[in-house]
Asker: 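Mind having a look at this structure? Questions to follow.
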Amino acid sequence: MTDSVSTPALRLLGTPADELRIAAVGTSEVIRIARGPSVPAPDTAGTVHSKIDMHHHFCAPEWREWAVHHGLIKPEQLPPWTRLDTEAAIRFMDGAGITTAVLKPMLPARYRSSAQLREAINITLRSMTEVAASHPGRFSYYVPLFLDDQEASSWAVRRGLGQLGAVGVNVTANYGGVYLGDPAYDRLFHELNERSAVVDTHPHNLPGGPGGPPGAPTVPGIPNFMCDFLLDTTRAAVNMISRRTLDRFPDISVVLPHAGGFLPYIATRLQALGRFCEPSVEPAAVRDHLSRFYYDTAGPMAPAATLLEHVPADHVLFGTDWPAAPADTVMDLALPALDADPAFTPEQLRGIYHDNAMRLIPQLATA
């Protein structure tokens, strides 16, 4: 299947490439943060034990080599953290008290054909399978899907979920401006529904940007991940609510990253004004979908009181966004804020760090 535009669309999954470059942080600094002494040893981490990281980015080194060989990417276009290895990940996990990380695959390139896209997905799946097998209990992974290529995505579902033991699929909020919830994706969502799949989402650049190179800031000087990514997730969530995605596909579980973007903050607005959407949104549908989505804490997220006004605590999942989020951001900001958030009880925090993920994905117990 080819793209609907005259030139191939930039295929992105998980964290896009150029737009998540952390300004002023070079390769050596990223590696220093990942390996440095600021990360505490596991026995000094206090409450940070037995965590499951549901938002852990992964760029397969085998994919990078293959993509460079085929002229699909230039190594310097990828952010420095994509070159961190599995051992750096384990050091970070040990310091943060993370027992298991669920890998969100990243393979950004302009693929020339559906067959080439399948090869890229297969290389990534093989790499993640080998990482998981080499470190029992430490890693599980999602299948990368590209919903604008239905044949390749259907094959990836059968390969990753049906044969290799992946624990869910990862999709972006929009593909060429077509957002999750759109009927164009119904065929694949039927397949995912039949498998009771976990559908993990991730934002992308907003469609119709200012032009220029991929990932160019919509507002000069403000990286797209600061604001635009949160809006992208929000648009996808509202579209899924409007299209009643969770009613039409009741056996899937959708995970929204970064605590749902702006969704918790506009929930009341959506209930009051959803009748102006097309299709219109009833207030009861808003409340129902908000309570059925899952939300990860990657960010760091804002204080949780607003989120918990609309979302049950057992639908909140721990996520770090590492290594796109540097280790010091996770260790010095995100984790202390989550531990100290007065909106959560100690029992709810145990659920967020571990138990909620286990209920959502029982296979993690045998990873």
Asker: Centroid separation under 6.0 Å, is that true for the rings of His315 and Phe293?
Answerer: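 Distance test on ring centres: not under 6.0 Å, no.
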Asker: With rounding to the nearest 0.5 Å, note down the distance linking CZ in Arg195 to CG in Leu192.
Answerer: 8.5 Å
Asker: Give me the atom names and distance for the closest heavy-atom approach of Ala313 to Leu308.
Answerer: CA-CD2, 4.0 Å
Asker: I would like to know whether Arg110 and Ile73 meet side chain to side chain contact (heavy atoms under 4.5 Å, CB included); could you show each step before the answer?
Answerer: CA-CA 8 Å; Arg110 296 180 182 274; Ile73 64 167; over 6 Å; no
Asker: Out of curiosity, Thr345 OG1 to Arg350 CZ, how far, rounded to the nearest 0.5 Å?
Answerer: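 Here the rounded value is 7.5 Å.
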Asker: Under the criterion side chain to side chain contact (heavy atoms under 4.5 Å, CB included), which of Leu317, Asp296, Thr201 is the partner of Leu256?
Answerer: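 Of the listed residues Leu317, Asp296, Thr201, the side chain to side chain contact (heavy atoms under 4.5 Å, CB included) partner of Leu256 is Thr201.
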Asker: With a 3.5 Å distance limit and no angle check, can you tell me whether Thr297 reaches the backbone of Gly319 through a side-chain donor-acceptor pair?
Answerer: yes
Asker: Please determine whether residues Leu180 and Val286 belong to a single hydrophobic cluster, defined as Ile, Leu, Val, Met, Phe, Trp and Tyr linked transitively by side-chain heavy-atom distances below 4.5 Å.
Answerer: yes
Asker: Verify, without hydrogens or angle tests, whether His135 (side chain) and Val131 (backbone) share a donor-acceptor contact under 3.5 angstrom.
Answerer: yes
Asker: Of all heavy-atom pairs between Ser127 and Phe58, which one has the smallest distance, and what is that distance?
Answerer: OG-CZ, 3.4 Å
Asker: Classify the ring geometry between Phe92 and His56 as parallel (under 30°), tilted (30 to 60°) or perpendicular (over 60°).
Answerer: tilted
Asker: Considering only NZ, NE, NH1 and NH2 on the basic side and carboxylate oxygens on the acidic side, decide whether Asp247 and Arg292 come within less than 4.0 Å.
Answerer: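 So Asp247 pairs with Arg292 through a salt bridge.
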Asker: Using the salt bridge (Lys or Arg N to Asp or Glu O under 4.0 Å) criterion, which residues pair with Arg159? Sequence neighbours excluded.
Answerer: none
Asker: Just do the side chain to side chain contact (heavy atoms under 4.5 Å, CB included) check on Leu290 and Ile241 with the steps written out, would you?
Answerer: CA-CA 8 Å; Leu290 260 72; Ile241 294 170; 3.8 Å; yes
Asker: Test Asn205 against Phe229 for side chain to side chain contact (heavy atoms under 4.5 Å, CB included), laying out the working first.
Answerer: CA-CA 7 Å; Asn205 290 319; Phe229 278 24; 3.9 Å; yes
Asker: Show every side chain to side chain donor-acceptor pair (under 3.5 Å) that has at least one partner inside residues 356-366, sequence neighbours left out.
Answerer: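 Non-adjacent pairs meeting side chain to side chain donor-acceptor pair (under 3.5 Å): Asn356-Arg359.
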Asker: Between Tyr185 and Val178 (side chain of the first, backbone of the second, donor and acceptor by atom type, cut-off under 3.5 Å), is there such a pair?
Answerer: yes
Asker: Indicate yes or no: does Asp186 engage Arg248 in a salt bridge with an N to O separation below 4.0 Å.
Answerer: yes
Asker: Would you kindly confirm whether Met54 and Phe139 end up in one hydrophobic cluster when ILVMFWY residues are joined by side chain heavy atoms under 4.5 Å apart?
Answerer: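 Result: no, two separate clusters.
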Asker: Which heavy-atom pair separates Gln271 from Pro283 by the least distance, and what is that distance?
Answerer: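 Minimum heavy-atom contact is O-CG, 3.4 Å.
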Asker: Rounded to the nearest 0.5 Å, what separation is found between the CD1 atom of Ile121 and the CG atom of Leu117?
Answerer: 4.0 Å
Asker: Measure the CD-CG distance between Gln116 and Leu72 for me, rounded to the nearest 0.5 Å.
Answerer: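 With rounding to 0.5 Å, CD (Gln116) is 4.5 Å from CG (Leu72).
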Asker: Report yes or no: do Tyr295 and Ile52 belong to one cluster of Ile/Leu/Val/Met/Phe/Trp/Tyr joined by side chain heavy-atom distances under 4.5 Å?
Answerer: no
Asker: Which atoms form the tightest heavy-atom contact between Gly260 and Thr234, and what is the distance?
Answerer: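 Closest approach of Gly260 to Thr234, heavy atoms only: O-OG1, 3.9 Å.
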Asker: Checking the side chain of Thr233 only, and the main-chain atoms of Leu230 only, is there a donor and an acceptor separated by less than 3.5 Å?
Answerer: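 Absent.
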Asker: Identify the heavy atoms of Ala96 and Leu335 that sit nearest to each other, and give their distance.
Answerer: CB-CD1, 4.1 Å
Asker: How would you list, by chain and number, every residue that makes a side chain to side chain donor-acceptor pair (under 3.5 Å) with Asp355, sequence neighbours excluded?
Answerer: none
Asker: Just by distance, do the side chain of Asn193 and the backbone of Asp251 share a donor-acceptor pair under 3.5 Å?
Answerer: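 Present.
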Asker: Check the orientation of His57 and His55. Use parallel for under 30°, tilted for 30 to 60°, and perpendicular for over 60°.
Answerer: perpendicular
Asker: Salt bridge between Glu151 and Arg187, side-chain N to carboxylate O under 4.0 Å?
Answerer: yes
Asker: Starting from Leu364, can I reach Ile352 by hopping between I/L/V/M/F/W/Y residues whose side chains sit under 4.5 Å apart?
Answerer: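 Ile352 does not cluster with Leu364.
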Asker: Are any side-chain N or O atoms of Thr129 and backbone N or O atoms of Leu125, one a donor and one an acceptor, separated by less than 3.5 Å?
Answerer: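 It does hold such a pair.
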Asker: Can you run down the ring-ring contact (aromatic ring centres under 6.0 Å, His included) pairs that involve residues 261-286, sequence neighbours left out, and say none if there aren't any?
Answerer: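 Applying ring-ring contact (aromatic ring centres under 6.0 Å, His included) to every pair that reaches into residues 261-286, excluding sequence neighbours, yields nothing.
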Asker: Quick check: closest heavy atoms across Gly71 and Arg112, and the distance to 0.1 Å?
Answerer: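 Taking Gly71 first and Arg112 second, the nearest heavy atoms are O-NH2, 3.6 Å.
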Asker: Kindly write out the residues that satisfy side-chain contact (heavy atoms from CB on, under 4.5 Å) with Asp341, not counting sequence neighbours, or none if the list is empty.
Answerer: Pro303, Ala304, Ala343, Phe344
Asker: Once rounded to the nearest 0.5 Å, what's the spacing between atom CG of Asn239 and atom CG of Asp182?
Answerer: 6.5 Å
Asker: Membership question, hydrophobic clusters at under 4.5 Å side-chain separation (ILVMFWY): are Tyr111 and Leu78 in the same one?
Answerer: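 Same cluster: Leu78 reaches Tyr111 through Ile, Leu, Val, Met, Phe, Trp or Tyr contacts under 4.5 Å.
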Asker: Using modelled atom types and a 3.5 Å cut-off, is there a donor and acceptor pairing between side-chain atoms of Asp149 and backbone atoms of Ala152?
Answerer: yes
Asker: Give a yes or no answer on whether the side chain of Thr100 reaches the backbone of Gly137 with a donor-acceptor pair at less than 3.5 Å.
Answerer: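 Pair found, side chain donor or acceptor close to backbone of Gly137.
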Asker: Are the side chain of Ser242 and the backbone N or O of Val238 linked by a donor-acceptor pair below 3.5 Å?
Answerer: no
Asker: If you apply the rule side chain to side chain contact (heavy atoms under 4.5 Å, CB included), what do you find for Val311 with Tyr294, and how did you get there?
Answerer: CA-CA 8 Å; Val311 174; Tyr294 287 81; over 6 Å; no
Asker: Determine yes or no for a side-chain-to-main-chain donor-acceptor pair under 3.5 angstrom, with Arg64 supplying the side chain and Cys59 the backbone.
Answerer: yes
Asker: Taking salt bridge (Lys or Arg N to Asp or Glu O under 4.0 Å) as the test, write out the residues that go with Asp200, two or more places apart.
Answerer: Lys104
Asker: Quick one: CZ on Phe318 to CG on Asp53, what's the gap to the nearest 0.5 Å?
Answerer: 5.5 Å
